[in-house]
Amino acid sequence: MKNLYISLRLKVIILLFLLISSLTLIINESSTSLIHEKTREIFQQRLELVRESIKSYWQSEKNQLLNNAMLYAESEKIINFSTYGLNNLLQKEIERLIAKTGFHSLDVTLRSGQFISSNKEESRTGHPLDMNDTSMNLSLIEIKYDNAGLFVTAQVPIHKQGEFIGRLSLSRKLDDTRMKRIARNLQAEASIAIKESIVTSSLSDASRQELSKEHFRNSDRKEDIFRVAFGKNIYSIGRVILEKTVEGDPMIIYLGVSQEKMLSLVEHARTQNLSVTAWILVIALLISIIFSEKVLISRIRELRDGANIIADGDLGFQISSFQGDELGNLARSFNRMASRLKQNSDHLQHYLERIEKMANYIQNILGSLRTCVITWNLAGHIETANQAAMHEFSELYPSLEGMSLKSFLKKLRHSSRTELLRAWRLRKNSGNDQQFEIEIDLGNRRGNKVLQGEFSALLDNEQKPYGLILTLSNITQRKIIEQQLYHADKLSSIGQLAASVAHEIKNPLASIKTLGQLLQEETEAEDTRREYIDVIVSEVNRLNGVVEQLLKYAKPEGSSFGEIEFEKIIKPVISLVHHESERHQIVLSTDYPPDLKVFVDSEKLKQVFLNLIFNAIQAMTEGGQVKIKAFKEADSPWTSFEIEDTGSGMPQETVDRVFEPFFTTRQRGTGLGLAIVKKIIDLHGGKIEVTSEAQKGTRFKFYLPNKQEG
Amino acid sequence: MKYLQRTVFLLVIACLSFAGSVCNLAAQTHDRIKIISRIDFAPPLFEMIRKSYEQKSGKPCHIEFQPADDLENLKNDDPGILLLVEEGINPALLAPDYSQASFSLELVWLLAVRGEALKMIDTPTLTLEKFAQLVAKLKQTNPNHFPWFEPLCSKNTLRNFCLLLDKNPASTLPDQSINKKAFWQRSKAASILYGAIENELLNPFSFEADLALAMNVFSEADAEFVSHWVPVDYLQNRQLAENEMGKSMLMPFPTFDGSAKIPRMRFNMWQPVSAKPFTAHAFSVTNATDSFSFIDQNFASESAWIKDKYAEQYDSMIMGEL
């Protein structure tokens, strides 16, 4: 089963929320129970208090009644009216006094026995009071229960200036209204039972009946506390015996405190607790979120971000703030890990740099090698090829890497292909090396390229065969040099031979010339032999010139290099060939920078230009143009010179041999002009090229090194 | 909220003002009368005067009272009110721009009788002796009861007794032996009253009683005889007394010789000069008849007596010494 992803934050929030909510619920339940218990206790205490209160209340009721009675008894009008027999006024005054007081009756019994009551119909004349009865002067309170109801009466004497004139009694009826008032004051239902019945009560009729049953049922009427259900409502009842009536019956007061209020209080407390709990839960949720964010998630996020930063390569990152807890330890470990990674990375980087340097070094070596290095795997595919290889095979293949042996061989000549394959098999099968040469046709009359190579074994780290290394060296130049050496050797022999012949010829020629000139002097101009003698002298002079040139080629004069303006070289040459070019209707044009300076042997360079320009003029029988150009390319160590004509051009065979001594295509040429040119340029350390195209012309281009600074 | 409260408050004030205006308007339809006198008027007496006035003037009225004990301090702050001024008081002291209207009110001092006593009286006047017998008989019938009650705390009452009973023409005994006589035989009013109290015929509480209490005692039937002031028409019309005081009758207070001498006090109506002339029926002075005569009270002399003699007489009445 795939693991369900739940974020750590959610887990922490849920965990904290569950923890706090559990605690809150437990506390809530505990507090509710406690409140319940305490409320019950308080209720019990309250009932006890009410029981105590009713006693003091009852006492204060009696005191109040007594005080009122005494106040009335001290009223001037009461006293005067009583004293002076103004009974009707007394009646009226009593009625006035008692009106709206809540007292049941106010009676005055005069010494004469006259009884005046606030209930007028009860006023009557009775027996005179017994003045010997000392109790007449006493104040007292008595409780009387009869058919009219339950009354509490205060009786006080009335005195006029110390003389007893009668008694005043003030009664209060303890009826339901009064009980309700008591109930309101005590905040407890109050009922009074005398004998077997509830005589007055603040309770409803139904509840009163229930209480009556309880009162009747319970014959042991001691002061205690019990519970009675009045309908759905349960009351805690406290029973108190207040005092006795005049008849001697105990007056029991039942005080009921409805538990409904208590239960409602408990319910209210529970509701309030639940409300508080709900709020706490909401706050707990918020705290969980904030806690998880502030204490955990933000720090984990910091760690994560740190890990990402490190993953992105910033191994120097360190978590800056951490506290002394597990996450702090984790942060420290993280920092330690980052430091270690940094160290390892630095080492690795160091090694990588070294490897890279090494690789670059090898690459540079391979790239710098003029030898082609191609590695093959055992499957016959090229894995790497260095710069030289790519350069050498660029004419055949745009890219070498990945090429199969078959594809590689495809474009080679048959003979080359055979040789390479043979060497491959030999190395692969027997482990023997065999050198071979392959020839690549460059086409477009560019000749061939000759590469010499061999296969060697390529081993892996465990020294097991991995593939083959093919090394190829371009030996085309060597081949050419070998040919040139061969040719130069031949030229050198010819030159030396010619020089020795010329040396041997020169002296006899001098004799011949001297003798011929003597013959000229001695022979008349009209003499027919004279023409022959002139020819002899002339031809001897020509031979002498050839010999001179031959000697010049074989034994050049000493060099005198110096920096000189090119113009000073070319101008005399142009002046020299000026007549000849005009004669051949050839236009000479020059193109060079006016400040161009060259570091040359000026006399020899004049010879070069002279020879090349004469050659060009002589190549154009029907006029044409000779362009002389000199320029120095920027950043090039060479100064370039070009002499181009618009003559008929030369075949390739002629071009190939044009610098050979005594090679000439003219009947009267010595074949030494261009050989001397090449000799002088070689003497300058330069090189000369010739290109020619039939019917278009020939161009000689040579390069001379610039002056080396320092 | 405050605005609402203020609005409600203003509305209430406006309503009250309106109601006040209406009441004031209604009050304006009543005559407002201020009685200025030296006697201590009681509410029942005011009621009698009001009814008399309304009967004569045909207009309802409100009656106020201003005692005239100190003439120098008499002052009328209400210029529109009608004044009933005891004759002898200079009304200029009260209101300079008042003129006397053609209306006057007379009060007479009579003995009110009720209860069992009514059955015993068969003549319009009584001698003091006869009266003494009557009260003694009543006392005998109900020993715990005082049949006679007087507002002796009222200065004017004592003065009236002095006017009527201060000289017993039949008395020949020297003054020092008067205490040995029956009270009705004594020659001084104070002595007579003291004797009546001593014989428990006159309620001793009379010493402390004013006119109001006395009239209350009578109206509550705690005494059969009480003397007090009534409008003169109560003298002429017995029904008025019955209407006002229940089954009762008014008669001149008994004298030594049984002659009917009735103390009388006159009040003249004064009205503002700017007011329209008073339209009530003119009151003519009640004339004495054969059956009775009046003792007109003179403000100046009565005031002087009260000032000079009252305390002495009162003390004598209490102490029984003359």
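Here is how names work: the chains are called A, B, and so on, in the same order as the sequence lines, proteins then strands, and each is numbered from 1.
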(request) Measure across B:D222 and A:G85 and return the closest heavy-atom pair with its distance rounded to 0.1 Å. (result) OD1-O, 4.1 Å
(message) At a 4.5 Å cut-off on heavy atoms, which part of B:E200 comes close to chain A: side chain, backbone, both, or neither?
(response) neither
(request) Check whether more than 12 heavy atoms from other residues, nucleotides or ligands sit under 6.0 Å from atom CD of A:E76, and answer yes or no. (result) no
(request) Not counting sequence neighbours, list each pair that qualifies as a salt bridge (Lys or Arg N to Asp or Glu O under 4.0 Å) and has a residue in residues 136-163 of chain A. (result) A:R111-A:E163
(request) Mind checking the NE2-CG spacing from B:H145 to A:N88? Nearest 0.5 Å is all I need. (result) 8.0 Å
(request) Taking all non-hydrogen atoms of both residues into account, name the closest pair between B:N203 and A:Y84 and its distance. (result) ND2-O, 2.7 Å
(message) Applying side chain to side chain contact (heavy atoms under 4.5 Å, CB included) to A:N80 and B:E208, what does each step give before you reach the verdict?
(response) CA-CA 10 Å; A:N80 286 329; B:E208 300 171 39; 4.0 Å; yes
(request) Step by step, work out the side chain to side chain contact (heavy atoms under 4.5 Å, CB included) result for A:L89 and B:L213. (result) CA-CA 10 Å; A:L89 274 180; B:L213 178 62; 3.9 Å; yes
(message) Taking atom NZ as the centre, does A:K77 end up with more than 12 heavy-atom neighbours from other residues, nucleotides or ligands that are less than 6.0 angstrom away?
(response) no
(message) Let's test your reading of the structure: which of B:S206, B:P204, B:S219 forms the most heavy-atom pairs below 4.5 Å with chain A?
(response) B:P204
(request) Decide yes or no for A:L86 and B:F205: does some side-chain heavy atom of the first lie under 4.5 Å from some side-chain heavy atom of the second? (result) yes
(request) For atom NZ of B:K139, decide whether the heavy atoms of other residues, nucleotides or ligands shown that lie under 6.0 angstrom number more than 12. (result) yes
